[in-house]
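Inspection log for the structure reproduced underneath, given as structure tokens.
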Protein chains: 2
Amino acid sequence: MDSVFKALSDKNRRDILSLLKKKDMTVGEIKKHFKITGASLSHHLDILKRANLVTAERDGQFIKYSLNVSVFEEIMKLFYKFFK
Amino acid sequence: MDSVFKALSDKNRRDILSLLKKKDMTVGEIKKHFKITGASLSHHLDILKRANLVTAERDGQFIKYSLNVSVFEEIMKLFYKFFK
DNA sequence: GTAACATTTAGACGTTCATCTAAATATCTA
DNA sequence: TAGATATTTAGATGAACGTCTAAATGTTAC
């Protein structure tokens, strides 16, 4: 649970999640929306992956990132329990 | 919004919120549940206060902290929009 | 007003974090 | 196999963070 809150505490990472909510994207596609280097982006994606918020799958030369929807529903439940 | 996620990213602070969910508490009462110094606790309470997650009111010699319930409902809505 | 208690503020210290550049790895195409 | 493109890894740097001790502030009771 800690890794999830830590992951969400950075604005860039929350923006990445918002992008992936719309559709799966390669690192390069995601990168267009940010002003950080590829290395930094890769770091953020790694943190999101470790928190189980996204999954990654290689598609040839590219790597496609997706929201891990089932974990998101788990988190919603936890939040609900936590806040209500 | 950033200050809220930042505030929630620390386990001690989430535990403070869980305590305050049950009842209002003075700093001294809260302190009994943690192994940190009063200064550190005061720092955490300040972060929660700035994020609008708690409110503080002096009651004589003591200061009583409470969950800011209305803001919590706002946050639940935002989370819901963010995750669904 | 001074002593005792409750809490915050100031300043310091080590750790974690976001970012960068440079180099490494993986894949595709010619 | 060589060169180009996509992404990650390694290592460094400065800022932010959580914690501490010591001192300051606010309040109560004698």
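Keep in mind that this is a model prediction, so the values were computed, not measured. A note on names: the letters A, B, ... follow the listed sequences, proteins ahead of strands, and every chain is numbered from 1.
Atom CD1 of A/Ile30 is separated from atom P of D/dA6 by 14 Å (rounded to the nearest Å). What separates NZ of B/Lys6 from P of C/dT16 is a distance of 17 Å, to the nearest Å. B/Ile16 has its CD1 atom 11 Å from the P atom of D/dG18, to the nearest Å. B/Phe5 places its CZ atom 18 Å from the C1' atom of C/dA18, with the value rounded to the nearest Å. Between the CD atom of A/Glu57 and the P atom of C/dT27 there is a distance of 13 Å, rounded to whole Å. Here the P atom of nucleotide D/dG18 and the CG atom of B/Leu41 are 13 Å apart, to the nearest Å. Taking atom CG of residue B/Asp46 and atom P of nucleotide C/dA10, one finds them 11 Å apart after rounding to whole Å. Between the P atom of C/dA6 and the CE atom of B/Met25 lies a distance of 16 Å, rounded to the nearest Å.
Considering only residues two or more places apart in sequence or on other chains, A/Thr26 meets the side chain to side chain contact (heavy atoms under 4.5 Å, CB included) condition with A/Glu29, A/Phe62, A/Lys64. Shown here are the side chain to side chain donor-acceptor pair (under 3.5 Å) partners of B/Lys11, two or more places apart in sequence or in another chain: B/Asp15. The side chain to side chain donor-acceptor pair (under 3.5 Å) check on A/Arg58 picks up nothing, with sequence neighbours excluded. Under the side chain to side chain donor-acceptor pair (under 3.5 Å) criterion, B/Ser3 pairs with no residue, sequence neighbours left out. For B/Asn12, the side chain to side chain contact (heavy atoms under 4.5 Å, CB included) partners at least two apart in sequence or on another chain are B/Asp10, B/Phe34, B/Ile36, B/His44.
Across all strands shown, B/Ile47 has heavy atoms under 4.0 Å from sugar-phosphate atoms exclusively, and none from any base. Using a 4.0 Å heavy-atom criterion, one finds that B/Phe34 contacts no nucleic acid atom at all.
Dashed line: the shortest gap from a side-chain N or O of A/Tyr65 to OP1 or OP2 of D/dT8 is under 4.0 Å.
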### Task
Using a 4.0 Å cut-off on protein heavy atoms (strictly under), produce a 5'-to-3' string for nucleotides 19-30 of chain D with B for base contact, S for backbone-only sugar-phosphate contact, and - for none.
BBB----SBS--
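Side chains of B/Ser70 and B/Asn68: a donor-acceptor N/O pair is present below 3.5 angstrom, by distance only.
In this structure, the side chains of A/Ile16 and A/Val54 stay at 4.5 Å or more apart for every pair of heavy atoms.
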